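Worksheet: the structure to be examined is printed underneath.
Nothing fancy with the numbering, it's 1 onward along the sequence. Since the structure is predicted, the reported quantities are computational estimates derived from the model, not experimental observations. Hydrogens, waters and symmetry mates play no part in the numbers below; they use all other heavy atoms, side chains included.
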Amino acid sequence: MNTHLDPLVISRRSGGEPIQANGERVAKLADFWSWACSDLAGNTMRGVLAEYLVATALGAATGTRTAWDTVDIRTPEKWRIEVKSAAYLQSWAQPKPSRVSFGIAPASGWDAHTGTSSAEVLRRSDVYVFCLLHHQDKQTLNLLDLDQWTFYVLSTQVLDEHCPTQKSLSLSSLERLGPLRTDFAGLPKAVATCAESRNGSKAPSSSAVAEPLPE
């Protein structure tokens, strides 16, 4: 293997690092972060924030985010966590609140550490955490207020049993699968319960099957 093309070792940055031209500082990294990442209500950054919130709750946010890995979070317990987010409110003008839907499609996998892909289509996590920004007043929306979020935790086994090829899931369909609903403080216990059931006894769930959604 060509060691010159090994994965980069990514270290956490402070935001104070200079952006330079001809040896002269023109801005600092935090200026870029503020410019690029301040719209937390947009779909892209809300999803990244949701991953960070779950990683923080699970003690898995000490390193840096690995984009395009086969799962979103790997915990100290070796649990593999997939994080999905949805919201009623968006940063753009809306005629009405958005319909809540989460992506759950099985997919082929790419290993960020080896740079290799697997064509096998499946869900590779142990647990899904569905993060709903439930707040519905745009004037007081604050994604950094964790009281405005609700979390639904479900063993991946339940999705595989009831929705093996389904690509998306409405909130009502998710609730019929019997997820563990919790606030931020309850995430560690809820994830542990679902992860341990995935790797041991039968996963906690209802017997109802989620209704298929249009593709």
For this session: Only counting residues at least two apart or in another chain, list the ones meeting side chain to side chain contact (heavy atoms under 4.5 Å, CB included) with Ile10.
Result: Leu8, Thr64
Problem set entry | Heavy-atom pair with the smallest gap, counting every atom of Leu58 and Ile81 | CD1-CG1, 4.0 Å
Problem set entry | Neighbour count above 12 (heavy atom, 6.0 Å) for Phe184 CZ | yes
Problem set entry | Sequence-distant partners of Thr182, side chain to side chain donor-acceptor pair (under 3.5 Å), two or more places apart | none
For this session: State which residues pass side chain to side chain donor-acceptor pair (under 3.5 Å) with Lys189; sequence neighbours excluded, sorted by chain then number.
Result: none
For this session: List the atom of Gln166, the atom of Leu169, and the distance in Å for their closest heavy-atom pair.
Result: NE2-CD1, 3.6 Å
Problem set entry | Backbone N/O of Val83 and side chain of Asp72: donor-acceptor pair under 3.5 Å | yes
Problem set entry | Residue list, side chain to side chain donor-acceptor pair (under 3.5 Å) with Asp183, at least two apart or on another chain | none
Exercise. About how many Å separate OG of Ser172 and CZ of Arg99, when rounded to the nearest 0.5 Å?
Worked result: 7.5 Å
Exercise. Shortest non-hydrogen contact from Ser118 to Ser108?
Worked result: O-CB, 3.1 Å
Problem set entry | Stepwise side chain to side chain contact (heavy atoms under 4.5 Å, CB included) check, Thr56 with Tyr52 | CA-CA 6 Å; Thr56 297; Tyr52 175 73; 3.3 Å; yes
Exercise. In Å and rounded to the nearest 0.5 Å, what is the CG to CG distance from Leu144 to Leu49?
Worked result: 6.5 Å
Exercise. Between Lys138 (side chain) and Ser91 (backbone), is there a donor-acceptor pair under 3.5 Å?
Worked result: no
For this session: Treat each ILVMFWY residue as a node, draw an edge where side-chain heavy atoms are under 4.5 Å apart, and state whether Trp92 and Leu133 are in one component.
Result: no
Exercise. With sequence neighbours excluded, what pairs up with Ala105 under the side chain to side chain contact (heavy atoms under 4.5 Å, CB included) test?
Worked result: Lys167
Exercise. Are the side chain of Ser155 and the backbone N or O of Val127 linked by a donor-acceptor pair below 3.5 Å?
Worked result: no
For this session: Report the hydrophobic cluster partners of Trp33, with the cluster defined as I, L, V, M, F, W, Y residues connected by side-chain heavy atoms closer than 4.5 angstrom, directly or transitively.
Result: Ile19, Val26, Leu29, Phe32, Trp35
Problem set entry | Over all atoms of both residues, closest heavy-atom pair of Gly59 and Pro76 | O-CG, 3.5 Å
For this session: Work out which heavy atom in Gln136 is nearest to a heavy atom in Pro97; give both atom names and the distance.
Result: OE1-CG, 4.2 Å
Seminar exercise, completed: So CG of Leu174 and OG of Ser168: to nearest 0.5 Å the spacing works out to 12.0 Å
Problem set entry | Nearest-0.5 Å distance that lies between atom CZ in Arg46 and atom SG in Cys131 | 9.5 Å
Exercise. What residues, two or more places apart in sequence or in another chain, satisfy side chain to side chain contact (heavy atoms under 4.5 Å, CB included) together with Ser34?
Worked result: Ser38
Exercise. Which heavy atom in Cys37 sits nearest to a heavy atom in Met45, and how many Å separate them?
Worked result: CB-CE, 3.8 Å
List, one per line, each side-chain donor-acceptor pair under 3.5 Å for residues 145-154, sequence neighbours excluded.
from   : atom 1 : to     : atom 2 : distance (Å)
Asp145 : OD1    : Asp147 : N      : 3.0
Gln148 : OE1    : Asn142 : N      : 2.8
Gln148 : NE2    : Thr140 : O      : 3.0
Trp149 : NE1    : Leu143 : O      : 2.9
Thr150 : OG1    : His134 : ND1    : 2.8

Problem set entry | Carboxylate-amine/guanidinium contact Glu82 Arg123, below 4.0 Å | no
Problem set entry | Distance in Å, Thr165 OG1 paired with Leu122 CG, rounded so as to fall on 0.5 Å steps | 13.5 Å
Problem set entry | Test side chain to side chain donor-acceptor pair (under 3.5 Å) applied to Gln20 - qualifying residues, sequence neighbours left out | none
Exercise. CZ/Arg176 to NE2/His162 distance, rounded to the nearest 0.5 angstrom?
Worked result: 12.0 Å
Exercise. Distance-only, no hydrogens or angles: does the Ser125 side chain make a donor-acceptor pair with backbone N or O of Val71 under 3.5 Å?
Worked result: no
For this session: Could you list the residues that satisfy ring pair (Phe, Tyr, Trp, His ring centres under 6.0 Å) with Tyr128, not counting sequence neighbours?
Result: Phe130
Seminar exercise, completed: Contacts satisfying salt bridge (charged side-chain N to carboxylate O under 4.0 Å, His left out) that involve residues 8-30 (not counting sequence neighbours) are Lys28-Asp31
For this session: Tell me, please, which residues at least two apart from Val100 pass side chain to side chain contact (heavy atoms under 4.5 Å, CB included).
Result: Ala86, Tyr88, Phe102, Leu132, Leu171
